[in-house]
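When reading the values below, keep in mind they use all heavy atoms of this one structure, side chains included, and skip hydrogens, waters and symmetry mates.
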Amino acid sequence: MTLTKRLLLLALISVLPAIVIWTYTEVSLRRAREAEVNDLAIRQAQLVGAEIERILDGVQGLLLAIDETQSIRNFDTPVCSPYLKAIQEKVPYILSFVAMDISGHIRCRPTGTVDTQHYFADRPYFHNALGQKGFVVGEFTPAFTEGGLGPHPVLPLALPIWNDRGDVVGVLAAALDLRWLSQKLKQRTVPENGSVTVADRNGIVLVQEPQPERFLGKLLPQEFLAQSRAKEIRTAPSTLPDGARRVLAHVPKQPPPRDIYVNVGLSTKAAFASINQAARRGFMLITAALILALSLSALLSRAFITKPFEMVTDGIQAWRRGDYGARIALPRKSGEFSILAKAFNDLMDDVAERQQALQVSEERARLALEAGHMGTWWYDPDKNVGGLSSQAASMIGIAQNTTTMNPKTWRDLLHPDDTERVIEKWRNAIQNRGDYEDEYRIRNKNGTIRWINSKGRVFRDIQKRPVYFVGILQDITEQKHAEEQQRFFLNELNHRVKNTLATVQSIASQTLRTTETPGQFREAFEGRLLALSKTHNLLTRQSWREAELRDVAEQELAPYRKTGDERVLLNGPDVKLPARYAINLGLVLHELVTNAAKYGALSTNAGHLEVTWSVIEGEDRPTQLRIHWTESGGPPVAPPKRQGFGSRLIRRSIEGELGGYMVLNFGESGVAYDISVPLTPATSAAA
């Protein structure tokens, strides 16, 4: 921890007692307020319950009075129906009264009609009224059809009907308007920013404020449904479906046959508004005190700590940038920093002398590495990071200013076929305390492959743990290419000897078929052999530097061309080929001629061969040399079952060595090759 941070920490600690006292006071006030809010919510819920009980008691008294009417007990429809209508008009919160006989048929209702076709004995309130023989509260009903009402949410209230002998003869029911009940409770009992929820015994919402239309007739959420079954008063904070955070109080009510759920919520935002305001004021005061203490600490640390420290670090940075004459000059009374500055100055004097000697040694090593086309690398096992010299970075195809490199970047440069072996050998060198040497391939960003020879040594500390790994890199790509080219030409020499013998045999066979006397055969045969040897002489004379494409083609096809014979046609512009192009295209044409002489158009007297080429220039791609080899009139051709050395040589020369592509077509008239290779700028200019 820095000195400045320590000073700021002391300032923070000085304000800490005030923060603790403020926090304790805030927690105490909130706990006391929570108890007050819970008690207030319970009293408010009890008020709602009392209001509901008052309304239900009023309806019960009204039903008892109606039940005493003789026309109701006798189901005298002409008299009881107008009577119920008159009462319903005086009690607007009751939407309808219905008197039903013991079978559930409608005998009296305000509409004056009697329904003996349908019976409503399946209504829950009907069964409960008959079963308990007393006043009952029904369940949420979306449409009170027995009262002749359309869709309208109501709460049925019922009472048995007794005759003069004391027997139950039917049920008297009233439909309490739930919308009126919602408005009534809202006016008399809903607190400001609060909520009231009333549900029936099944958990269906009868009254909901706020947003009554959204929740009326819907099942309570699961957490409230579980709460509605509780038999004791309880409170709990909760977030209601309208998104408001409130303290909810549940007071169970138990009108017959079972309970009604009453829930009242008080807004926590309104309940804790005064405490929150006081808390904000206290927090702002403490924050202001903390900012003041930290500001004073920062100013003092700037004057007595940061400024002297910056002077020390500025001197060190100047020395690191190469200014070995830089020294640290602190003002007087700088305390411990003066001792530190003197120690650094003495160290810089000593290091400057050693640095000069080291520069001379490094310059000698650099000149030696450049002369040997080598670069250096290093790796730190503890930090898992390494680096390269500019010569090594340039060698593997990355920016010369890349001084550091993590292992993942290095692994990405390795050829996939060499990655596991290289990493395993690297780890063995570190673990087994031995020297390191390996050869592997890397891939540059442009896709080229380079061969690298790497040597290194692991340095260890006093506990024999690896602390540093250094070594050199050497580009051996040209050496590998030379070895590969040597192997290739040995294989080609072996293959060419075989092809040459096959060609001589084909020439002798064709010459024998087209001559009549031994003298004619000798003359024609020697001429064709001479043309074949000239093809080899052409490549040898040019010393593999450059050659005309037409000369290469004519030399290869000369043994099969005769004066006045149009069996073999050559057509195309003059194109000077570099040595690499001349070698590979000469090999390709030789293989094609050999195949044609063995199996294709040149193996019969009726066959024809046409070789054409052109140079295609494009704006978005390199200039292309297109060669079309078309055979016709020969024996039927078909794709070979396996690829021989000749076919591999053709594809490798075109696609591998020259970076082009080749399309092979076995048509009915004969085989055809379409070859395209990119030309170098010099070759394009010559064309």
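Between P635 and G600, the shortest heavy-atom distance links the atoms CD-O, 3.3 Å. Pairing each heavy atom of I616 with each of S614, the nearest pair is CD1-OG, 3.9 Å. Of all heavy-atom pairs between T477 and I449, the closest is CG2-O, 4.0 Å. In terms of heavy atoms, A597 sits closest to S603 at O-CB, 3.3 Å.
One distance of note links CD of E617 with OG1 of T623; it measures 4.5 Å at 0.5 Å rounding. Interatomic distance, CG of D412 versus CZ of R443, reported as 8.5 Å (0.5 Å rounding). Atom-to-atom distance recorded for R651:CZ and E591:CD is 14.0 Å, nearest 0.5 angstrom. Note that OG1 of T630 and CG of L569 are 10.5 Å apart. Values are rounded to the nearest 0.5 Å. Note that CD of E554 is 10.0 Å distant from CD of E548, once rounded to the nearest 0.5 Å. Rounding to the nearest 0.5 angstrom, the gap separating the CG atom in L585 from the CD1 atom in I650 is 11.5 Å.
Taking the side chain as every heavy atom from C-beta outward, E610 and S632 never approach each other to under 4.5 Å. Looking only at side-chain heavy atoms (C-beta outward), R421 and D438 come within less than 4.5 Å of each other. The side-chain heavy atoms of S389 and W378, taken from C-beta on, include no pair separated by under 4.5 Å. Two residues are said to be in side-chain contact when any heavy atoms from C-beta on lie closer than 4.5 Å; V671 and L664 meet this criterion. Looking only at side-chain heavy atoms (C-beta outward), D674 and W629 stay at 4.5 Å or farther from each other. Between Y440 and L414 there is a side-chain heavy-atom pair separated by less than 4.5 Å. V615 is listed as a side-chain neighbour of V575, based on a closest heavy-atom distance under 4.5 Å. Two residues are said to be in side-chain contact when any heavy atoms from C-beta on lie closer than 4.5 Å; Y436 and V458 fail this criterion.
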Might you work through the side-chain contact (heavy atoms from CB on, under 4.5 Å) test for R441 and R450, ending with a clear yes or no?
CA-CA 6 Å; R441 292 166 291 178; R450 309 292 296 175; over 6 Å; no
Going through the distances and angles, do L625 and L549 end up as a side-chain contact (heavy atoms from CB on, under 4.5 Å)?
CA-CA 11 Å; L625 172 62; L549 176 59; 4.2 Å; yes
When you look at N384 and Y379, which way does the side-chain contact (heavy atoms from CB on, under 4.5 Å) test go after all the steps?
CA-CA 7 Å; N384 195 29; Y379 174 68; 2.8 Å; yes
Determine, step by step, whether L602 and V568 satisfy the side-chain contact (heavy atoms from CB on, under 4.5 Å) criterion, reporting the C-alpha distance in whole Å, the side-chain angles of both residues, the deciding distance to 0.1 Å, and the verdict.
CA-CA 9 Å; L602 299 182; V568 179; 3.9 Å; yes
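Judged purely by atom type and a 3.5 angstrom limit, W451 has no side-chain atom pairing as donor or acceptor with the backbone of E478. Here the side chain of E655 pairs no donor or acceptor atom with the backbone of S653 at under 3.5 angstrom. E631 places no side-chain N or O within 3.5 Å of a backbone atom of H608 that could act as its donor or acceptor partner.
In this structure, the ring-ring contact (aromatic ring centres under 6.0 Å, His included) partners of W377, at least two apart in sequence or on a different chain, are W426, F469. Applying the salt bridge (Lys or Arg N to Asp or Glu O under 4.0 Å) criterion to K383, with sequence neighbours excluded, gives no partner residue.
The residues D574 and R550 are annotated as salt-bridged, a charged nitrogen and a carboxylate oxygen being separated by less than 4.0 angstrom.
A donor and an acceptor atom, one from each side chain of N665 and Y673, are nowhere located under 3.5 Å apart.
A side chain to side chain contact (heavy atoms under 4.5 Å, CB included) with E556 holds for exactly one of V593, V611, L592, V588; it is V593.
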